[in-house]
Amino acid sequence: MTTFPVLVEVTLRPDVADPQGATVERALPALGFDQVAGVRVGKAIRFTVDAASEPAARTLVEELCRRFLTNPVIEDATITFGTPGGT
Amino acid sequence: MTRVGVVVFPGSNCEHDVAEALALLGGVPQLVWHGERSLGDVDAVVLPGGFAHGDYLRPGAIARFSPVMDAVVEFANAGGPVVGICNGFQVLTEAGLLPGALQKNRGLKFLCSTVSVRVETTESALTSRATAGASLRLPINHFEGNYTCSPDTLAELRGQNRVILRYLDNPNGSVDDIAGVCSPGRNVCGLMPHPERACDLILGSADGKPLLESLLAAGVPAPAEREMSS
C-alpha cells in the first residue's frame, strides 16, 4: 500500500454560467487589472488515498468525484496526484 | 387522514412550519429524524427547507447519504408522493430522484421575497388541487435556487409536461423560468418557493394551500389498497 496525496479541483462545467467568476472578473478593471480574463471560481479539496498503485488510486478518486465531490450535472473535477510520501 | 413524514436533517429549519401547515389542512405530520432507516407508517413525505448538513460541499450533497434517504428513494420508487421544498428540492436532485441541479442565483444574492409562480400542470402530486394557469404568490428564501439542466433534460421535461411551476418574473436565473419540476411518475416533486409559509392570510398569502392539499390528496391510499392493508 502506498499513500498518495491527491488534489481535486472542482469547477463549474464550461457551459454552466459561473456568477462568482463573472463577478470577480467584473471587479478586476476597477483595481487596475485590465489584462485578466476568463475567471472561473471553484473549490480545491485535498486528501490522501491508500492504494496498491496509482491507477488503482485514480479509479477510486474518480468514483469518489463522480458520486460525491462533484455534481456531474454542473461540475467537472480535475484530479492531480502528488508524490507519495510528499505533500 | 394523510400521514406525512417530514424528514428532519441536521440543519433543516422549516420542518415545524411544514408540520403546522399540513396539520392546518387536516394532515397528520410526523417528524422523521434523518438517522432513521425507516419512514414509519406514512402516506406521503416532505423534505423541508433549511441547510441540511450545513450545505457543506453543495446543498443536499451530504443529505442524500443520510440513512433515511434509502427509505425515501424506496418510497418514491414505489410511487409514494414525495415533495422537496427549497433545500429539500436540492436534496432530491442530488439523490437523483429529480433531474437537474440548483446552482447559485444569477445575481449572487440570497433572495428573500415573495414571488409569483404559474401552475403549469395539475398532473402532479403537488398540483392536482391547484388550477392550471393560476398565478400563486409564494415566498422564496434561497441562495442556490437557479435551476439548471442539460438541453436534453430540458427537452424531456418540456416534452413530458414535467415543469409544474414557472416564475412569472424569474428571480434567480433558472433555465426556462423553472420554479418546480416533477418525476416521470409525477409523484416526486421539487420546488424552490415555500408553500408552507403561505397557508394562512395572516402570513400574507394562502396561495400555498392548494399545493399542500394536493400532496395530502396524493397520499390518500386508493380504496383497493385500503382493503388490502386492512
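Residue numbers begin at 1 in each chain, while the letters A, B, ... track the order of the sequences.
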**Student:** Please name all residues satisfying salt bridge (Lys or Arg N to Asp or Glu O under 4.0 Å) with A:Asp34, sequence neighbours left out, ordered by chain then number.
**Tutor:** none
**Student:** With a cut-off of 6.0 Å (strictly less than), are more than 12 heavy atoms of other residues, nucleotides or ligands near OH of B:Tyr56?
**Tutor:** no
**Student:** Among the options B:Cys149, B:Ala101, B:Ser150, pick out the one with the most heavy-atom pairs lying under 4.5 Å from chain A.
**Tutor:**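 Winner by heavy-atom pair count: B:Ala101.
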**Student:** Surrounding CD of B:Glu74 (heavy atoms of other residues, nucleotides or ligands, distance under 6.0 Å), is the total greater than 12?
**Tutor:** no
**Student:** Rounded to the nearest 0.5 Å, how far apart are CZ of B:Arg58 and CG of A:Leu69?
**Tutor:**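 Rounded to the nearest 0.5 Å, the CZ-CG separation comes out at 7.5 Å.
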**Student:** Who passes salt bridge (Lys or Arg N to Asp or Glu O under 4.0 Å) against B:Arg129, sequence neighbours left out?
**Tutor:** none
**Student:** Does A:Arg40 have more than 12 heavy atoms from other residues, nucleotides or ligands lying within 6.0 Å of its CZ?
**Tutor:** yes
**Student:** Give every donor-acceptor pair under 3.5 Å between a side-chain atom in residues 134-143 of chain B and any protein atom, sequence neighbours left out.
**Tutor:**
from, atom 1, to, atom 2, distance (Å)
B:Arg137, NH1, B:Ser116, OG, 3.2
B:Asn141, OD1, B:Arg197, NH1, 2.8
B:His142, NE2, B:Asn172, ND2, 3.1

**Student:** Of all the residues in residues 7-24 of chain A, which have a heavy atom that comes within less than 4.5 Å of a heavy atom in chain B?
**Tutor:** A:Leu12, A:Val16, A:Ala17, A:Pro19, A:Gln20, A:Thr23
**Student:** Report, as yes or no, whether the 6.0 Å neighbourhood of atom NZ on B:Lys109 holds more than 12 heavy atoms from other residues, nucleotides or ligands.
**Tutor:** no
**Student:** Check whether any side-chain heavy atom of B:Arg64 sits under 4.5 Å from a side-chain heavy atom of A:Phe68, and report yes or no.
**Tutor:** no
**Student:** More than 12 heavy atoms of other residues, nucleotides or ligands under 6.0 Å from CZ of B:Phe65: is that the case?
**Tutor:**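 Enclosed.
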**Student:** Counting only heavy atoms closer than 4.5 Å, note whether B:Asn146 contacts chain A via side chain, backbone, both or neither.
**Tutor:**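 Contact with chain A involves no heavy atom of B:Asn146 at all.
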**Student:** Show your working on side chain to side chain contact (heavy atoms under 4.5 Å, CB included) between B:Thr153 and A:Val73 and close with a plain yes or no.
**Tutor:** CA-CA 10 Å; B:Thr153 301; A:Val73 176; over 6 Å; no
